[in-house]
Amino acid sequence: MNDLIARDRRVVWHPYTQHGVEVDPLPVTRADGAWLELAGGRRILDGISSWWATLHGHCHPRIVAAMHEQAARLDHVLFAGATHEPAVQLAERLLAVAPEGLSRVFYSDDGSTAVEVALKLVLQAWAQRGEAQRRVFVALDGAYHGDTFGAMSVGDPEPFFRALVPLLFEVRRVPADGDGATVERALADLGGRAAGVIVEPLLQGAAGMRVMPEGFVRGVRAACDGHGVPLIADEVFTGFGRTGAMFACQRAGVAPDVMCVAKGITGGTLPLAATLVREELFAAFLHDQRSRFFPHGHTFTANPIACAVALASLDLCAENDVPARLQAIGDALFDRLLPLRELPQVADVRRLGGMAAVELRTPDGDAGYLSALGPRLRAASIERGVLLRPLGDVLYALPPACVGDAEIELLGATMAALVRDVGPDQR
Ligand SMILES: *Cc1c(COP(=O)(O)O)cnc(C)c1O
């Protein structure tokens, strides 16, 4: 175990990790359901679905079987000029459960690439319609859309991308409000320069589990309609039941023009992403000139094993009614956490679907993602046998759908204990 950590320290660079101060990484040897087993045999509960991905639990037998079966039949084939059953069937089934109006699926590898594809499709379509000046997206304060350059540009540069701001393209950034008036004003102001609007519908994860009113998403839809620009829904986090509906847009009663999905698409087991679009966007690329195609594709686009696993995950979503199950888990967690509202160190307790969060008060200058509370609470939760990874001063849980009552109780009790331990004065 110590050997693994020593070797890791010599050769690995971890994501979102300050190696100058980081504690030893967890040596994980196996996983089963909601549990991670560490070298030496200790088990800890995965309270955050391994970065918001694991949907049905780790190493679910049906997912593992789909992976094995497909790997033995067709492991990989290029997706330009070739096709295969898992990719076609997955496109059919994604479109069948997606918000209405979406009719085409473009595959890629992860949430960031799904967003890149969405932005590039929209921009190139404008150019091909003779409106190349439509280049400015409207995006939200606190937005997070991934770590590639386009995704960083529409994301809020604070706190992650400050050093790269000079290289990011122009975006009109507005706060979410009650009814979308902020977005309406931005679109009116941009006029013929507006390319579209991108939002994480209902729930901004990386911003600190911020919940927005359903009326806001509906207002954004109306503003987009009024100005004739597409609404891009980044459902990379919110998709596949996390908000208590299959997709957050459906919960809000809104149909986007473009929808990005990743994370939960394979039940959180293999990298795969998809950008779903309406037929009119696809049609903007149809032409007898080959140069007007969409020159974008990743080596592992529509990897058959990932697609087969995604099909198995969709089966499980339907059989176990994962959105309803996650909603029930969120209900139970929220009941457990709500009384913490009375504590002086607690600023807010909030939830949506299967996510429940406690926002803590911090001393001046220590708020947000980089709050010193984050690493402290993470270490304390692992000590108590639960993997939580606070977004700075926001302690949250979003467990996989397989957790039972005892596991929910352990999660809730651990979060409550952590919040109490912060104390009114130590903050
Ligand atoms: C995680 C996330 C992304 C980026 O997805 P990756 O698979 O990490 O590239 C994009 N948008 C949202 C809303 C996310 O939560």
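What you are looking at is a predicted structure, and each value in this text was computed from that prediction instead of being measured. Positions are given from 1, in the same order as the sequence printed here.
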**Message:** Contact between Leu387 and Leu26 at the side-chain level, heavy atoms closer than 4.5 Å - yes or no?
**Reply:** yes
**Message:** I'd like to know whether His296 forms a side-chain hydrogen bond (donor to acceptor under 3.5 Å, both in side chains) with Gln124, so could you lay out the CA-CA distance, the side-chain angles of the two residues, the decisive distance to 0.1 Å, and finally the verdict.
**Reply:** CA-CA 11 Å; His296 186 116; Gln124 189 177 333; over 6 Å; no
**Message:** Do Glu37 and Asp32 have side chains that approach each other closer than 4.5 Å (heavy atoms only, starting at C-beta)?
**Reply:** no
**Pair Arg361 + Asp393: basic N to acidic O under 4.0 Å** = no
**Message:** Does Arg185 form a salt bridge (charged side-chain N to carboxylate O under 4.0 Å, His left out) with Asp177? I'd like the steps, not just the answer.
**Reply:** CA-CA 12 Å; Arg185 277 197 298 276; Asp177 61 356; 5.0 Å; no
**Request:** Could you please spell out the steps behind the salt bridge (charged side-chain N to carboxylate O under 4.0 Å, His left out) verdict for Arg62 and Glu319?
**Result:** CA-CA 12 Å; Arg62 295 265 293 279; Glu319 287 167 32; 2.8 Å; yes
**Donor-acceptor under 3.5 Å (Tyr369 side chain, Gly374 main chain)** = no
**Prompt:** Is there a side-chain contact between Met67 and Ile305, using heavy atoms and a 4.5 Å cut-off?
**Reply:** yes
**Any pair counted as side chain to side chain donor-acceptor pair (under 3.5 Å), so long as it reaches residues 304-317, sequence neighbours left out** = His56-Ser313, Arg93-Asp315
Give the table of side-chain donor-acceptor pairs shorter than 3.5 Å for residues 200-214, with sequence neighbours excluded, one pair per line with atom names and distance.
unit_1	atom_1	unit_2	atom_2	d
Glu200	OE2	Tyr144	N	3.0
Gln204	NE2	Asp141	O	3.1

**Item:** Donor-acceptor side-chain pairing of Gln327 and Arg251 below 3.5 angstrom
**Value:** yes
**Asked** Take atom CD in Glu100; do more than 12 heavy atoms of anything else shown fall under 6.0 Å from it?
**Response** no
Sequence neighbours left out, cut at 3.5 Å: what donor-acceptor pairs do the side chains of residues 260-268 make with other protein atoms?
unit_1	atom_1	unit_2	atom_2	d
Thr266	OG1	Thr269	N	3.2
Thr266	OG1	Leu270	N	3.1
Thr266	OG1	Leu270	O	2.7

**Message:** Checking side-chain polar atoms at under 3.5 Å, does Asp234 have a donor or acceptor matched by the opposite partner on His145?
**Reply:** yes
**Request:** Kindly say whether the aromatic ring centers of Phe300 and His298 come within a distance under 6.0 Å.
**Result:** no
**Message:** With a 4.0 Å cut-off on N to O distance, would you call Asp421 and Arg384 a salt bridge?
**Reply:** yes
**Request:** Decide yes or no for Val419 and Val346: does some side-chain heavy atom of the first lie under 4.5 Å from some side-chain heavy atom of the second?
**Result:** yes
**Request:** Apply side-chain hydrogen bond (donor to acceptor under 3.5 Å, both in side chains) to the pair Asp366 and Ser371, showing each step before the final yes or no.
**Result:** CA-CA 5 Å; Asp366 188 45; Ser371 167; 3.1 Å; yes
**Prompt:** Is a donor on one side and an acceptor on the other found under 3.5 Å between the side chain of Gln70 and the backbone of Ala306?
**Reply:** no
**Request:** Answer whether the closest heavy-atom distance between the side chains of Leu55 and Ser49 falls below 4.5 Å.
**Result:** no
**Prompt:** Sub-3.5 Å donor-acceptor pair from the side chain of Ser112 to the main-chain atoms of Asp110, do we have one?
**Reply:** no
**Message:** Take a 6.0 Å sphere around CZ of Arg30 and say whether it holds more than 12 heavy atoms from other residues, nucleotides or ligands.
**Reply:** no
**Message:** Test your reading of the model: is there a side-chain donor-acceptor pair from Thr301 to the backbone of Gly297, 3.5 Å cut-off?
**Reply:** no
**Asked** CZ of Phe240 to CG of Leu94: how many Å apart, nearest 0.5 Å?
**Response** 5.5 Å
**Message:** Test your reading of the model: is there a side-chain donor-acceptor pair from Thr182 to the backbone of Val174, 3.5 Å cut-off?
**Reply:** no
**Item:** Check: Ala194 main-chain N/O paired with Arg134 side-chain donor or acceptor under 3.5 Å
**Value:** yes
**Item:** Any Leu119 side-chain heavy atom under 4.5 Å of Ile232 side chain
**Value:** yes
**Prompt:** Taking the side chain from Arg43 and the backbone from Ala31, do they hold a donor-acceptor pair closer than 3.5 Å?
**Reply:** no
**Request:** Would you please say whether a donor-acceptor pair under 3.5 Å links the side chains of Asp46 and Ser50?
**Result:** yes
**Asked** In Å and rounded to the nearest 0.5 Å, what is the OG1 to CG distance from Thr414 to Leu45?
**Response** 8.0 Å
**Request:** Go through the steps for Arg73 and Glu69 under the test salt bridge (charged side-chain N to carboxylate O under 4.0 Å, His left out), then give the verdict.
**Result:** CA-CA 7 Å; Arg73 192 191 330 252; Glu69 214 168 284; 3.7 Å; yes
**Asked** Is Val64 close to His60 at the side-chain level, that is, under 4.5 Å between some pair of heavy atoms?
**Response** no
**Request:** Check the pair Leu38, Val28 against side-chain contact (heavy atoms from CB on, under 4.5 Å), reporting the backbone distance first and the verdict last.
**Result:** CA-CA 4 Å; Leu38 307 184; Val28 184; 3.9 Å; yes
**Prompt:** Can you say whether the rings of His19 and His14 are parallel (under 30°), tilted (30 to 60°) or perpendicular (over 60°)?
**Reply:** tilted
**Message:** Which residues pass the side-chain hydrogen bond (donor to acceptor under 3.5 Å, both in side chains) test with Thr29, not counting sequence neighbours?
**Reply:** none
**Fill in**
Applying side-chain hydrogen bond (donor to acceptor under 3.5 Å, both in side chains) to Trp126 and not counting sequence neighbours gives none
**Prompt:** Is the closest basic N to carboxylate O distance between Arg378 and Glu22 below 4.0 Å?
**Reply:** yes
**Message:** Set out, in order, the CA-CA distance, both residues' side-chain angles and the distance that settles side-chain hydrogen bond (donor to acceptor under 3.5 Å, both in side chains) for Glu235 and Thr238, then state yes or no.
**Reply:** CA-CA 5 Å; Glu235 295 240 16; Thr238 51; 2.9 Å; yes
**Message:** If you apply the rule side-chain hydrogen bond (donor to acceptor under 3.5 Å, both in side chains), what do you find for Tyr16 with Trp51, and how did you get there?
**Reply:** CA-CA 12 Å; Tyr16 279 92; Trp51 258 356; over 6 Å; no
Enumerate donor-acceptor pairs with a distance under 3.5 Å from any side-chain N or O in residues 156-172 to protein atoms, sequence neighbours excluded.
unit_1	atom_1	unit_2	atom_2	d
Asp156	OD1	Glu158	N	3.1
Asp156	OD2	Gly142	N	2.7
Glu158	OE1	Arg162	NE	3.1
Glu158	OE1	Arg162	NH2	2.7
Glu158	OE2	Arg162	NE	3.0
Glu170	OE1	Arg193	NH2	2.8
Glu170	OE2	Arg193	NH2	3.0
Arg172	NH1	Asp189	OD2	2.6

**Prompt:** Rounded to the nearest 0.5 Å, how far apart are CG of Leu102 and CG of Leu281?
**Reply:** 10.5 Å
**Item:** pair Leu333-Ile408: side-chain heavy atoms closer than 4.5 Å
**Value:** yes
**Asked** Has His76 got more than 12 heavy atoms of other residues, nucleotides or ligands less than 6.0 Å from its NE2?
**Response** yes
